[in-house]
2 protein chains.
Amino acid sequence: MKRATSKDVAKLAGVSQTTVSFVLNNTPGISLSDETRRKVLDAARELNYIPNSFAKGLKTSRSKLLGIFLPTMANPFYQKLMQYIENYTAELGYNVMLCCTYRNAEREKSYLDLCVEHQVDGIIYLFTPNWVKQITRISHNIPVILISEKSEDISINTISLNGFQCGKILTEHLLQLGHKNIAYVMSPVTSVSLTRQMRLQGIKAAVQNAGLGEDALEVITNPVVASDNLEANAGFAAMESILKKKRNTAVIGVNDLVSFGLLSKALNMDGIRIPEDISICGFDNTYLAHMAHPTLTTVEYCTEPLCRLAVDMLLNNNSIDVLKLSGEPKLIIGESTGPAPL
Amino acid sequence: MKRATSKDVAKLAGVSQTTVSFVLNNTPGISLSDETRRKVLDAARELNYIPNSFAKGLKTSRSKLLGIFLPTMANPFYQKLMQYIENYTAELGYNVMLCCTYRNAEREKSYLDLCVEHQVDGIIYLFTPNWVKQITRISHNIPVILISEKSEDISINTISLNGFQCGKILTEHLLQLGHKNIAYVMSPVTSVSLTRQMRLQGIKAAVQNAGLGEDALEVITNPVVASDNLEANAGFAAMESILKKKRNTAVIGVNDLVSFGLLSKALNMDGIRIPEDISICGFDNTYLAHMAHPTLTTVEYCTEPLCRLAVDMLLNNNSIDVLKLSGEPKLIIGESTGPAPL
DNA sequence: TTGTAGGCGTTATCAG
DNA sequence: CTGATAACGCCTACAA
């Protein structure tokens, strides 16, 4: 049982192929009798007609496919963005091609080629590209949009995640609670992560604005070589030394995974209470933050609207002013942060 | 700057389009001079030639696309399978279309249509389909394979996850440790989940084999209406009542998310030690199990080879005997299970 | 060993 | 309002 073509539909409906096309695509500026319309629709349903996207694409050069680039699926943050995007594109009748680069430039390049080959209608990057030259060239032909930190080096439409502001409001929250010895725990990544840098900038700014000295903030880059989804372990290890020093009263994890590790360690130490003895918080507002007990204080960019916006921009080929796009981050206060101990 | 076509390559190389096709596809049974071959290759590289997949697909009806169906990305188990699959398909030059159904039959159907439209070369289901009639019909035209529990009702190639065996070995582990009052905590799902049922069967079998009475096992279906990634909360809530009753010495979560919730609650209760006071374990061997502290005892099906096998079967259109395919589950012993308290 | 020509299923441009 | 007809870019007999 071969698939029906528009020709078959035309024959069954007793009209020409053209008419079938008009009806099925609701071609604007064409008026045809309800009678004809109905005949075509019935025939199409009867034959279970599904247009051949190859033929269609060959004519229209549109694939109804979007390429989504992400560094890893192990971080729930990306999974969350994916979900928002996939959800919305499905609504619009588009499909998503998953391009997981594992922060590997070779992989990224070969995925880009695949995207060109399949003539995706647009590409969304959920992180800072490694292969800037390639992606910039491609962006001349295929709309590309970045959801990440705005970078000077990349001349591609970017929806800024505003890591600076995120770091700032989170830190301000801690400062208001009276914390004066804050640790920022970063985990190592193999490639550039602007976001992490910007968060740090924001944290520093908040500390400075509060009139505190440099020693109020301690940056800990944990050397644990962790596979992505073991970033939590980096937090876990860092917390050990932090608790030993008994100096910091609040710890910021570079993301929820790390904060989660921080919390795990604390929960496993007898006599340590969160947040009475030490406050813990992080970024991304992933489900990990909600799943943990106590729940973790974290920061949410308005990711869902931003994801939808990204899709809209791609499909309408809009070049909205990027400045208007940076989402206003929102502090999500959980149970893991409280007043600094005396 | 428009994309180069094979015609352009032919012109630049000074040969015919046919020759270009032969060279670029390494068409077997054709021998042409190294000279020609090199000329074509050079020209292709120079023009940055990437074949148009529409035109190609129109001729060959192959899309180099695979549709992957999963119920949700919120459960790390599916994310893990996705990762394995995506990883392997990328290696083979294939791409993955993400079809996330949210356990919604409508959505599933519309994604199936999209798969037909895009003429995916194969479909992998990571769960039990809701739309059996549709998927069965489609499977006559497009290879389909299920990675899940084998069901009598579905006549589609299935790689069995063998939930029964999983439940059995996990329970045997607990029994060996002397546990005689075991709780199995299920969370509610909106649709059929054969896997969960089979796990329960396996657990029951193990209990029976050990000569214990029915009351050695307590099945708790937590009524918490939770969105998928808050399954942990179901575990959290269940643990509260379990600890109150002080009857069970071991708890099995229906998956790692639930077990995780169980553990969270326990860690938050003063004076409860894991595993000294109560053992906790679950299924799926996701990163949550490793990330938790204490690490969670869990069960791993050999998911990675199974995922690769699924892809191989699709692409080679093999109908290997399904019986040979059920992976042998492996117990992953973590720090969360120990001898039953006296 | 290489080139010519026809067609895959659509859509779009024209006439009628 | 409807129907021929020509592309789109590639593959593949078949011919040279």
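Chain A is the first sequence line, chain B the second, and so forth, proteins listed ahead of strands; every chain is numbered from 1. Here the structure is a predicted model, which is why all the values come from computation and not from measurement.
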**Item:** Whether Asp121(A) side chain and Ser63(A) backbone form a donor-acceptor pair below 3.5 Å
**Value:** yes
**Request:** Would you kindly give the CD-to-P distance between Gln119(B) and dC8(C), to the nearest whole Å?
**Result:** 14 Å
**Asked** Between Thr19(B) and dG3(C), does any side-chain N or O lie under 4.0 Å from OP1 or OP2?
**Response** yes
**Prompt:** Is there a donor and acceptor pair closer than 3.5 Å between the side chain of Thr18(B) and the base of dT4(C)?
**Reply:** yes
**Prompt:** Starting at NZ of Lys56(B) and ending at C1' of dG7(C), how long is that distance when rounded to a whole Å?
**Reply:** 18 Å
**Asked** Would you say dG3(C) has OP1 or OP2 under 4.0 Å from some side-chain N or O of Ser16(B)?
**Response** yes
**Item:** Interatomic distance, Phe22(B) CZ vs dC14(D) P [rounded to whole Å]
**Value:** 13 Å
**Arg308(A) bridged to Asp312(A) by N-O distance under 4.0 Å** = no
**Complete:** Nearest heavy-atom approach of Leu114(B) to Tyr94(A) is CD1-O, 4.1 Å
**Prompt:** Less than 3.5 Å between a donor and an acceptor, one on the side chain of Ser21(A) and one on the base of dA12(C), is that the case here?
**Reply:** no
**Request:** Starting at atom CD of Gln17(A), determine the distance to atom P of dC14(C), rounded to an integer number of angstrom.
**Result:** 19 Å
**Item:** Atom pair distance, as rounded to whole Å: NZ in Lys11(A) and C1' in dG3(D)
**Value:** 16 Å
**Request:** Assess whether one donor atom and one acceptor atom, taken from the side chain of Lys59(A) and the base of dA12(C), lie less than 3.5 Å apart.
**Result:** no
**Prompt:** Below 4.0 angstrom from OP1 or OP2 of dT2(C), is there any side-chain N or O of Thr36(B)?
**Reply:** yes
**Request:** State which of dC8(D), dC10(D), dG3(D) makes the closest approach to the side chain of Leu58(A).
**Result:** dC8(D)
Using a 3.5 Å cut-off and no angle test, enumerate the donor-acceptor pairs between side-chain atoms of residues 36-46 of chain A and protein atoms at least two apart in sequence or in another chain.
residue: Thr36(A); atom: OG1; partner: Ser33(A); partner atom: OG; Å: 2.4
residue: Arg38(A); atom: NH1; partner: Asp42(A); partner atom: OD2; Å: 2.9

**Message:** Rounded to whole Å, please give me the gap between NZ in Lys7(A) and P in dC8(C).
**Reply:** 6 Å
**Item:** Nearest-angstrom distance from the residue atom CG of Leu24(A) to C1' of dA12(C)
**Value:** 16 Å
**Request:** Tell me what Ser61(B) touches on the nucleic acid: a base, only sugar-phosphate, or nothing, going by heavy atoms under 4.0 Å.
**Result:** nothing
**Message:** Does dC8(C) have OP1 or OP2 under 4.0 Å away from a side-chain N or O of Asn52(A)?
**Reply:** no
**Request:** Could you work out which one of dG3(C), dT13(C), dC10(D) sits closest to the side chain of Tyr49(B)?
**Result:** dC10(D)
**Complete:** Separation of dT2(C) atom P from Arg37(B) atom CZ, nearest Å, is 9 Å
**Prompt:** Where the side chain of Ala55(B) is defined as all heavy atoms beyond and including C-beta, which of dC11(D), dG9(D), dT2(D) is the nearest nucleotide?
**Reply:** dG9(D)
**Asked** Excluding sequence neighbours, so at least two apart, what forms side-chain hydrogen bond (donor to acceptor under 3.5 Å, both in side chains) with Ser16(B)?
**Response** Thr19(B)
